[in-house]
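Shown next, in structure tokens, is the structure this report addresses.
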Amino acid sequence: MDKHYLLLSLTLWALCALCKPTEKKDRIHHDPQLSDKVHDDSQSFDYDHDAFLGAEEAKTFDQLTPEESKERLGIIVSKIDLDKDGFVTEGELTAWIKKAQRKYVYDNVERQWQEFDMNQDGLISWEEYRNVTYGTYLGKGADDPDPDNSFNYKQMMVRDERRFKMADKDGDLIATKDEFTAFLHPEEYDYMKDIVVLETMEDIDKNADGVIDLEEYIGDMYNHDGDADEPEWVKTEREQFVEFRDKNRDGKMDKEETKDWILPSDYDHAEAEARHLVYESDQNKDGKLTREEIVDKYDLFVGSQATDFGEALVRHDEF
């Protein structure tokens, strides 16, 4: 939540009514698809490469020979094998895929860390974060030429402080890197999920009755803007609300129903991909992979110049 994010949030908050009426806002914080490629191994292994390495890192192997691909994949295998028993299990592969997919989270935290750690002590206090993010607006008071804007900043600061305190496990108002990561990306941490739900409900629940009704649900995604006819996707969302979101059929979503909507837990894409990779590579069908089994199927995991399935391995020193 850097200053750019803050300004964007305020803009969206204040100017929501100006959104294009046919645009759809997606609030779901599910584990995303591991790739935007089609998962069809009969056509290519592009999806698997993105899943195994992360989409950005998967672009680095196009110019490697098969021998180079295999060599670097072997280095990666040793890092996936956490207990160093010579085998890669489905669990270890799942953990690796999730790490690769979350690299953007860690990169984002690293980019912001130096900006907020003002005294360079390896920690970020709430005071440091508040002063960097809101310092310009804290002293304006009656002199602020735009009091409404000042009020919005104060609201957001209160909300940020609440989230910071939630992320700060020991309650000292000083965040370690992991706690700061939880603050910036609460959807990635189980203990922060309640605050994600609370903030979402506060955004959508316009009449502040503690629940989200159908019109509030649709209104968060779609602005009629005088249009008589709704797009088809809006009609579909109305049906989704009635049939699936509002589980107890009382016409509104409570906290638990909202949580099921924005933080669904019924499908783990990383686990499914790990299961797929093991199934396709496990030659002796013992349920785990050796280095040789993985390297033998290197084109499934990575790729090289020799295949049309390009997109492959992260630079081995980046994980």
Side-chain angles (χ1 to χ4, degrees), residues 1-10 12-13 25-34 54-56 82 91-92 94-135 153-204 255-256 258-271 318-319:
M1 193 173 294
D2 58 17
K3 286 181 286 187
H4 298 295
Y5 176 84
L6 176 64
L7 292 172
L8 175 60
S9 297
L10 279 172
L12 291 175
W13 191 359
K25 183 190 298 182
D26 188 1
R27 287 190 176 271
I28 302 177
H29 296 286
H30 52 55
D31 287 337
Q33 286 284 344
L34 304 179
E56 290 303 313
L82 296 176
E92 288 172 328
T94 299
W96 171 265
I97 291 170
K98 288 185 174 181
K99 178 181 178 181
Q101 295 296 316
R102 290 175 178 168
K103 188 174 183 296
Y104 82 94
V105 170
Y106 306 130
D107 288 347
N108 176 255
V109 172
E110 289 298 331
R111 281 194 298 269
Q112 297 194 48
W113 188 261
Q114 296 303 319
E115 180 180 2
F116 291 109
D117 183 15
M118 301 299 293
N119 61 6
Q120 299 294 301
D121 65 348
L123 300 165
I124 294 175
S125 67
W126 165 247
E127 183 178 3
E128 285 176 314
Y129 179 83
R130 182 193 62 191
N131 289 341
V132 171
T133 306
Y134 299 101
Y153 272 96
K154 289 176 182 176
Q155 285 182 308
M156 292 194 71
M157 186 174 69
V158 169
R159 182 158 151 159
D160 272 357
E161 184 175 11
R162 181 181 64 189
R163 186 196 284 192
F164 193 97
K165 288 178 177 178
M166 180 72 74
D168 176 30
K169 285 185 171 181
D170 57 10
D172 61 358
L173 287 180
I174 300 174
T176 62
K177 186 159 289 186
D178 189 61
E179 289 171 334
F180 192 62
T181 304
F183 170 68
L184 292 178
H185 298 277
E187 70 281 354
E188 299 290 338
Y189 290 77
D190 285 340
Y191 80 98
M192 293 292 290
K193 288 184 176 179
D194 283 346
I195 201 73
V196 175
V197 175
L198 177 60
E199 290 178 0
T200 301
M201 294 192 75
E202 287 176 344
D203 287 342
I204 303 175
K255 179 181 177 181
E256 288 305 311
T258 302
K259 185 175 183 179
D260 288 342
W261 166 42
I262 64 171
L263 298 168
S265 57
D266 56 344
Y267 189 77
D268 189 320
H269 291 282
E271 188 177 288
E318 287 195 2
F319 277 88

Spacing of [X] atom [atom1] and [Y] atom [atom2] [to the nearest 0.5 Å]:
X: R111; Y: L184; atom1: CZ; atom2: CG; value: 10.5 Å
X: Y134; Y: Y153; atom1: OH; atom2: OH; value: 8.5 Å
X: L263; Y: D190; atom1: CG; atom2: CG; value: 9.5 Å
X: Q114; Y: I124; atom1: CD; atom2: CD1; value: 8.5 Å

Please examine the side chains of [Y] and [X], heavy atoms only from C-beta on, and report whether any two atoms are closer than 4.5 Å.
X: R159; Y: E202; result: yes
X: M118; Y: Q120; result: no
X: T133; Y: F116; result: yes
X: I262; Y: E187; result: no
X: W261; Y: T258; result: yes
X: I97; Y: H269; result: no
X: D117; Y: L123; result: no

Does CD belonging to E127 count more than 12 external heavy atoms closer than 6.0 Å?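 No, because the 6.0 Å sphere around CD of E127 holds 12 heavy atoms or fewer from other groups.
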
Flag if over 12 foreign heavy atoms under 6.0 Å of NZ, K255: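 For K255, atom NZ is not crowded (no more than 12 foreign heavy atoms under 6.0 Å).
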
Could you please spell out the steps behind the side chain to side chain contact (heavy atoms under 4.5 Å, CB included) verdict for K259 and T200? CA-CA 9 Å; K259 185 175 183 179; T200 301; over 6 Å; no

Is the shortest distance from a Lys or Arg side-chain nitrogen in [X] or [Y] to a carboxylate oxygen in the other one below 4.0 Å?
X: D178; Y: K169; value: no
X: E110; Y: K177; value: yes
X: R163; Y: D160; value: no

For residues [X] and [Y], report the shortest heavy-atom separation together with the two atoms involved.
X: I195; Y: R162; result: CD1-NE, 3.7 Å
X: N119; Y: D121; result: OD1-OD1, 2.8 Å
X: A270; Y: K98; result: CB-CG, 3.5 Å

Could you point out which residue of Y191, F164, Y189 forms a ring-ring contact (aromatic ring centres under 6.0 Å, His included) with F183?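 Output: one option passes, namely F164.
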
Examine K165 relative to W126 and say whether NZ or CZ is less than 6.0 Å from the centre of the six-membered ring and inside a 45° cone about the ring axis.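 K165 over W126 ring: no.
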
Take M157 and R130, measure what side chain to side chain contact (heavy atoms under 4.5 Å, CB included) needs, and give me the verdict at the end. CA-CA 7 Å; M157 186 174 69; R130 182 193 62 191; 3.6 Å; yes

